[in-house]
Number of protein chains: 2
Amino acid sequence: MANRAVADWSSDSGGLEPIARATLQEQVYQQLRNRIMTGFFQPGQPLSTRSVAEAAGVSVMPVRDALRRLEVENALVVGNNRTLQVPILDVDTLQEISAMRIALEGLAVERAMPAINTDDVAVLRNLCGVMNDSILSGDIDKYLEANWAFHNRIYERSSSEIMLSVIESLWLRMGPYFRLTAKDKNHLDNAMKIHHDIVEAMRTGDCAAARSAVVADIEAAAGDLSQWLAQQAS
Amino acid sequence: MANRAVADWSSDSGGLEPIARATLQEQVYQQLRNRIMTGFFQPGQPLSTRSVAEAAGVSVMPVRDALRRLEVENALVVGNNRTLQVPILDVDTLQEISAMRIALEGLAVERAMPAINTDDVAVLRNLCGVMNDSILSGDIDKYLEANWAFHNRIYERSSSEIMLSVIESLWLRMGPYFRLTAKDKNHLDNAMKIHHDIVEAMRTGDCAAARSAVVADIEAAAGDLSQWLAQQAS
DNA sequence: TGACTCCAAGTGTGATCACACATATCACCC
DNA sequence: GGGTGATATGTGTGATCACACTTGGAGTCA
């Protein structure tokens with residue numbers, strides 16, 4: 001009587017996968033967010049509710065929620081006629097975001113260090129390899145994705161949800177421009193060297209070295225982008 | 001022909017005040033935000049769209065937008081049955097938020113220092129007086145308001161919009177608990193002493209002293225709240 | 001030719017209705 | 001009496017319609 005087929009359902013391993021219920025709003029949000037993060041949209045590009053709704057094949061309601069969510073995260077800003085658009089980065093804002101990144105990501109690394117184990121180091125080293133391959137094959141999308149996965153892996157070890165969400169929003173704000181620096185060979189070489197420094201600091205458990213390496217990574221990106229922006233303005 | 005009455009409208013000083021068009025969603029958002037910041041709502045209190053809509057006398061649509069906005073800011077969190085509720089602070093989250101506050105508000109003070117002038121110092125000194133009066137009269141609402149105005153005045157001088165919005169969201173997250181520490185005489189005395197230190201550092205332009213005073217303020221609040229939470233748990 | 005008027009398209013905002021889901025209550029049957 | 005199923009209530013989600021506002025350009029008149 002006890003060994004009915006139903007009994008298996010309650011076992012932890014033998015049941016069905018938990019059904020991931022993603023609302024339409026959530027799906028639209030994730031798609032837009034991903035495209036912003038990877039620089040799919042041009043800076044300044046307007047995103048209206050109706051246009052996005054038509055492109056996604058849904059009503060304006062989920063789109064409205066998704067866009068507002070992105071607006072609060074500073075991933076989108078209000079344009080001229082109240083239409084939301086991808087933010088255009090100026091040098092001052094770049095400096096502000098970079099300063100915040102240094103403060104928060106430096107803090108996140110310090111908090112994460114005690115929780116970093118050998119598995120993490122292996123994953124980070126593997127992601128370094130993926131980035132290297134992406135550079136050789138010229139796959140910018142893959143590089144950007146691996147780069148975020150690399151940093152995210154570290155920060156999520158700090159077990160700080162709020163801090164992680166803020167850091168993500170800062171990356172989101174810089175997303176449309178990351179792709180630009182990812183085309184510069186010198187920047188990529190330098191970035192890969194820094195990434196290896198980070199992994200090495202993680203392996204040896206050197207907290208100060210890890211922090212300074214992360215800071216160096218952020219400053220390098222800020223410097224290259226600042227240079228690009230200045231060049232663009234002239 | 002040029003000096004028609006219409007000409008005055010285009011002048012910068014002689015026109016009408018720009019009409020502040022606040023949407024319903026914006027009004028609901030501001031009201032809820034203010035009440036969260038000043039600890040009007042109890043931690044854990046659920047806020048459903050329909051209940052808020054009925055209380056505010058509007059449809060569920062503006063309320064939905066306002067609640068989602070607050071959710072993204074971490075000012076509200078999802079409860080059991082997907083209903084949003086005022087977040088309950090645990091010691092770990094308190095430490096996380098305080099660490100972020102130290103990193104970001106310390107940075108904001110440093111960036112603000114060069115822009116601080118004698119007017120700012122006068123305003124800050126005045127706000128200290130307001131806080132003092134509020135303590136004597138026992139008006140906690142007025143004290144909390146003046147306290148936020150004091151810090152906000154400093155941070156907004158850093159001319160860093162994004163940083164300011166993040167700092168605000170952190171204050172919002174701690175809002176429901178600020179009121180608790182504002183009942184403790186020892187905490188208030190210590191806070192007022194620190195506030196005077198901040199003003200003094202602003203007056204003399206001592207950047208390091210200003211930063212350390214702000215950090216001391218945050219650490220004092222974190223310490224007192226942590227103590228209160230531990231006492232509550234037992 | 002120039003300035004002005006008017007209209008159409010596009011935008012966000014808000015209300016209302018309908019639906020799926022979760023929970024609690026209670027009658028019901030074994 | 002205790003488990004079982006139906007129902008009522010409250011919840012978020014989404015679609016559809018209506019409205020106010022902005023903007024652009026075509027058309028018109030001086």
Side-chain angles (χ1 to χ4, degrees), chain A residues 1-2 4 6-7 9-10 16-33 41 44-73 75-87, chain B residues 1-7 9-10 16-32 41 44-87:
Chain A
M1 341 205 170
R4 280 164 32 191
V6 178
W9 291 76
S10 64
L16 268 61
E17 292 282 330
I19 298 174
R21 295 182 318 167
T23 61
L24 290 182
Q25 175 257 127
E26 182 72 19
Q27 297 178 49
V28 173
Y29 168 74
Q30 290 295 345
Q31 277 199 40
L32 288 178
R33 178 193 176 88
F41 296 122
Q45 178 168 346
L47 267 64
S48 74
T49 54
R50 284 178 176 82
S51 63
V52 174
E54 190 177 3
V58 296
S59 149
V60 295
M61 286 303 313
V63 175
R64 186 203 295 198
D65 290 342
L67 289 181
R68 188 169 301 282
R69 195 164 159 187
L70 289 166
E71 179 196 0
V72 176
E73 288 186 305
L76 294 177
V77 296
V78 289
N80 288 330
N81 46 351
R82 295 195 194 175
T83 311
L84 292 177
Q85 64 182 30
V86 180
Chain B
M1 344 219 168
N3 57 354
R4 283 164 27 192
V6 177
W9 291 78
S10 63
L16 267 61
E17 291 285 327
I19 299 174
R21 295 183 317 168
T23 60
L24 290 181
Q25 174 257 127
E26 182 72 19
Q27 297 178 50
V28 173
Y29 168 75
Q30 290 295 345
Q31 277 200 40
L32 288 178
F41 295 123
Q45 177 169 346
L47 267 64
S48 72
T49 54
R50 284 178 174 83
S51 64
V52 174
E54 189 177 4
V58 298
S59 152
V60 294
M61 287 302 313
V63 176
R64 186 204 295 199
D65 290 342
L67 289 181
R68 188 169 303 282
R69 196 164 159 187
L70 290 166
E71 178 195 0
V72 177
E73 287 186 305
N74 288 312
L76 294 177
V77 295
V78 290
N80 289 329
N81 45 351
R82 296 194 193 175
T83 311
L84 292 176
Q85 63 181 32
V86 180

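Just so it is clear, the model here is predicted, and its values are computed rather than measured. Letters go in sequence order (proteins before strands), and every chain restarts at 1.
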Let me know the distance between [atom1] of [X] and [atom2] of [N], rounded to the nearest Å.
{"X": "A:Glu71", "N": "C:dG12", "atom1": "CD", "atom2": "P", "value": "11 Å"}
{"X": "B:Gln85", "N": "D:dT11", "atom1": "CD", "atom2": "P", "value": "13 Å"}
{"X": "B:Glu54", "N": "D:dT9", "atom1": "CD", "atom2": "C1'", "value": "14 Å"}
{"X": "A:Arg50", "N": "D:dG14", "atom1": "CZ", "atom2": "P", "value": "18 Å"}
{"X": "B:Leu24", "N": "D:dC19", "atom1": "CG", "atom2": "P", "value": "16 Å"}

Taking the side chain as every heavy atom from C-beta outward, state whether [X] and [Y] have any atom pair closer than 4.5 Å.
{"X": "A:Leu32", "Y": "A:Leu47", "value": "yes"}
{"X": "A:Gln85", "Y": "A:Val77", "value": "yes"}
{"X": "B:Glu73", "Y": "B:Leu70", "value": "yes"}
{"X": "B:Val86", "Y": "B:Leu76", "value": "yes"}

For D:dT13, does OP1 or OP2 lie under 4.0 Å from any side-chain N or O of A:Thr23?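 Negative; the distance criterion is not met.
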
Dump the intermediate steps for side-chain hydrogen bond (donor to acceptor under 3.5 Å, both in side chains) on A:Gln31 and A:Gln27, then the final yes or no. CA-CA 6 Å; A:Gln31 277 199 40; A:Gln27 297 178 49; 5.8 Å; no

Please list each protein N or O that sits under 3.5 Å from an N or O in nucleotides 23-25 of chain D, with the distance.
none

Separation of A:Glu26 CD from A:Asp65 CG (nearest 0.5 Å):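 It is 11.0 Å, given to the nearest 0.5 Å.
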
What's A:Thr83 touching, base or sugar-phosphate or nothing? Going by heavy atoms closer than 4.0 Å.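 If one applies the 4.0 Å heavy-atom cut-off, A:Thr83 turns out to touch the sugar-phosphate alone, with no base involved.
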
Would you classify B:Thr49 as touching base, sugar-phosphate or nothing, given that sugar-phosphate means primed atoms plus P, OP1 and OP2, and contacts are heavy atoms under 4.0 Å?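 The answer is sugar-phosphate, as B:Thr49 gets under 4.0 Å only of primed atoms, P, OP1 or OP2.
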
Using a 6.0 Å cut-off, check whether atom CD of B:Glu54 has over 12 heavy atoms from anything other than its own residue.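 Not buried by this count: 12 neighbours or fewer within 6.0 Å.
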
Evaluate the criterion salt bridge (charged side-chain N to carboxylate O under 4.0 Å, His left out) for residue pair A:Glu71 and A:Arg64; output intermediate values, then yes/no. CA-CA 10 Å; A:Glu71 179 196 0; A:Arg64 186 203 295 198; over 6 Å; no

Using a heavy-atom distance cut-off of less than 4.0 Å, which residues of residues 60-68 of chain B contact DNA chain C?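 Result for residues 60-68 of chain B: B:Val60, B:Met61, B:Pro62, sorted by number.
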
Go through the structure and list residues passing side chain to side chain contact (heavy atoms under 4.5 Å, CB included) with A:Val58, not counting sequence neighbours.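 Counting only residues at least two positions away or on another chain, A:Val58 forms a side chain to side chain contact (heavy atoms under 4.5 Å, CB included) with A:Leu24, A:Val28, A:Ala56, A:Pro62, A:Val63.
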
